[in-house]
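Since the structure comes first, as structure tokens, the remarks are kept for the end.
Only this structure's heavy atoms are used, side chains among them; waters, hydrogens and symmetry mates stay out.
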Amino acid sequence: MSKKRNTRRKPLREQNLMDDFLFDVTTENLEACKIILELSLGIRIREIRWKGNQKVIHNLPGRRGIRLDFYVIDDQGRIYDVEMQKRNRGNIPKRTRFYQAIVDAPLLKSGEQSFDRLNRTYIVVICGFDLFGLGKYRYTFENRCLEALDLPIGDECTKIILNTKGTNDAEVDPALVDFLHYVEKSTPDNVPEECDDRLKRLQRIIDEIKDREQVEVGLMTMEERDRQIREDGKLLQLIEQVCKKLSKGKSLEQIADELEEEPAKIQQICDAAADFAPNYDTLKILDILLDEWEWE
């Protein structure tokens, strides 16, 4: 590889919600998901449930799918996809566009004539950086007419970019500010005494998670898996093989069959490689797979 990287994760006790592992484990708890949604959007939700219990939504064969951080639906039929983004890779605007399309696709059956069954959808990205540089804690986007800005197109899809580095405290709900500060430093001493009770409850959930021995074991197992991948080079070799076959126009199913690998594993590589076509940079693809901790 072109550079050396620190491959060891922070101990579980030192992790924050901004860290992939703790966010993944925390959002396996439906109550935690509900709190995160309510504090992020400034709303109250009566009830949520998993949307088909899906974390991965596949596209057409050979086309990029998506892996969701958490994906739920409330009692009003509103869909929420929430993503955590620690580093700025410069792809969030088009990434949200793609996520909207892939999330929408399974909602309609083949041959269905009406589009009315498309749910109101919220795509939320919590960023550890200010994507737009305006100092806002929350950036909310909806499609509107340029000639009449008060005229929405009415597609019922809202994209929200949250920024933990915001500075406009006086313009937003203090509950949002406290939550975003907590995302960056998820410790009891970063929960203000007068903060929203939901944030206090989220802290208790995270404390319980950090006290669970099996969660710490899971973290250690993932560290060991990553160490082995880096040391033996098998993943890099597999990436190179997949990229060669992608360059020849082969489908995901063909690649999985020829390499005798599980389609889900090949799908992950294809997803990471998609941004580099047709001149695949295998080392950068390897970095993406390991950095996002999505390799299984």
Side-chain angles (χ1 to χ4, degrees), residues 16-18 23 26-27 32-48 51 57 66-105 107 115-116 118-184 195-196 198-199 202:
N16 305 303
L17 270 178
M18 183 62 68
F23 188 70
T26 301
T27 53
C33 293
K34 182 172 178 287
I35 292 171
I36 290 169
L37 282 172
E38 290 187 341
L39 295 177
S40 294
L41 302 178
I43 61 175
R44 292 280 182 169
I45 303 172
R46 189 173 67 178
E47 180 184 356
I48 60 171
K51 182 68 178 74
I57 301 180
I66 57 175
R67 180 188 185 276
L68 307 172
D69 283 349
F70 79 81
Y71 179 42
V72 297
I73 186 169
D74 70 11
D75 57 295
Q76 302 298 312
R78 296 172 293 197
I79 289 174
Y80 306 88
D81 165 36
V82 179
E83 305 295 321
M84 187 67 72
Q85 190 71 34
K86 190 172 186 176
R87 299 177 183 84
N88 186 1
R89 294 199 178 100
N91 62 5
I92 288 177
K94 287 191 176 180
R95 179 179 168 190
T96 60
R97 169 182 164 182
F98 185 72
Y99 273 39
Q100 176 191 344
I102 299 298
V103 166
D104 281 347
L107 300 178
F115 291 92
D116 292 340
L118 288 176
N119 306 56
R120 173 174 284 280
T121 301
Y122 295 85
I123 297 175
V124 182
V125 185
I126 304 173
C127 299
F129 50 88
D130 189 348
L131 181 63
F132 303 104
L134 299 179
K136 306 291 186 183
Y137 282 103
R138 182 194 288 130
Y139 297 93
T140 304
F141 297 91
E142 293 182 343
N143 289 325
R144 296 182 177 274
C145 176
L146 293 179
E147 288 76 20
L149 293 177
D150 59 347
L151 176 64
I153 196 171
D155 59 356
E156 297 191 342
C157 181
T158 303
K159 302 180 179 74
I160 298 100
I161 311 297
L162 298 179
N163 164 33
T164 62
K165 301 292 196 299
T167 57
N168 64 325
D169 297 50
E171 299 175 6
V172 297
D173 187 342
L176 175 65
V177 176
D178 291 340
F179 167 66
L180 290 175
H181 289 171
Y182 180 76
V183 166
E184 283 208 319
C195 75
D196 192 292
R198 291 169 293 181
L199 183 58
L202 182 61

Ignoring hydrogens and angles, tell me if any N or O in the side chain of Lys34 forms a donor-acceptor pair with the backbone of Ile48 under 3.5 Å.
no
I'd like to check Arg95 versus Gln85 (side-chain heavy atoms, cut-off strictly below 4.5 Å). Are they in contact?
yes
Reported CD-to-CG distance for the pair Glu83 and Leu162, which is rounded to 0.5 angstrom
12.5 Å
Interatomic distance, OG1@Thr164 vs CZ@Phe129, rounded to 0.5 Å, equals 9.0 Å
Hey, what do you get for CG (Asp81) to OG1 (Thr121), rounding to the nearest 0.5 Å?
9.0 Å
Applying salt bridge (charged side-chain N to carboxylate O under 4.0 Å, His left out), name anything that partners Lys86, two or more places apart in sequence or on another chain.
Asp19
Does Gly166 offer a backbone N or O that forms a donor-acceptor pair with the side chain of Tyr137 under 3.5 Å?
yes
What are the two closest heavy atoms between Phe23 and Thr27, and how far apart are they?
O-OG1, 2.7 Å
Keeping Asp74 on the side-chain end and Gln76 on the backbone end, is there a donor-acceptor pair under 3.5 Å?
yes
Stepwise, does the side-chain contact (heavy atoms from CB on, under 4.5 Å) test hold for Asp69 with Val82?
CA-CA 6 Å; Asp69 283 349; Val82 179; 5.8 Å; no
CZ of Arg120 to CG of Asp155, rounded to nearest 0.5 Å, is 8.5 Å
Less than 4.5 Å apart, side chain to side chain, heavy atoms only: is that true for Leu37 and Phe70?
yes
Is any side-chain heavy atom of Asn163 closer than 4.5 Å to one of Lys136?
no
Below 4.5 Å, heavy atoms only, C-beta onward: do Ile123 and Val103 meet side chain to side chain?
no
Per the side-chain contact (heavy atoms from CB on, under 4.5 Å) rule, which among Leu107, Val72, Leu118 passes with Ile79?
Leu107
Looking only at heavy atoms, the pair that brings Leu39 and Ala175 closest together is CD2-CB, 4.1 Å
Regarding Glu156 and Arg78, does a basic nitrogen lie under 4.0 Å from an acidic carboxylate oxygen?
no
Value for CD1 (Ile126) from OG (Ser40), rounded to nearest 0.5 Å, stands at 4.0 Å
Check whether any side-chain heavy atom of Pro93 sits under 4.5 Å from a side-chain heavy atom of Leu131, and report yes or no.
yes
Would you name the heavy atoms of Cys195 and Asp178 that are closest together and state the gap between them?
CB-OD2, 3.6 Å
NZ (Lys159) and OH (Tyr99) are apart, to the nearest 0.5 Å, by 13.5 Å
Counting only heavy atoms not in Arg97, do more than 12 fall under 6.0 Å of its CZ?
no
Indicate the ring-plane relationship of Tyr80 and Tyr122, choosing parallel, tilted or perpendicular according to the 30° and 60° boundaries.
parallel
What I want to check is whether the side chains of Tyr139 and Asp130 have a donor and an acceptor closer together than 3.5 Å.
yes
For residues Gly42 and Arg138, report the shortest heavy-atom separation together with the two atoms involved.
N-NH2, 3.7 Å
Which pair of heavy atoms, one from Ile45 and one from Glu38, lies closest together, and at what distance?
N-OE2, 2.7 Å
I'd like to check Thr26 versus Leu202 (side-chain heavy atoms, cut-off strictly below 4.5 Å). Are they in contact?
yes
Which pair of non-hydrogen atoms, one from Cys157 and one from Gln100, has the smallest distance, and what is that distance?
SG-CD, 3.4 Å
Chi angles and distances behind the side-chain contact (heavy atoms from CB on, under 4.5 Å) call for Cys127, Asn88
CA-CA 8 Å; Cys127 299; Asn88 186 1; over 6 Å; no
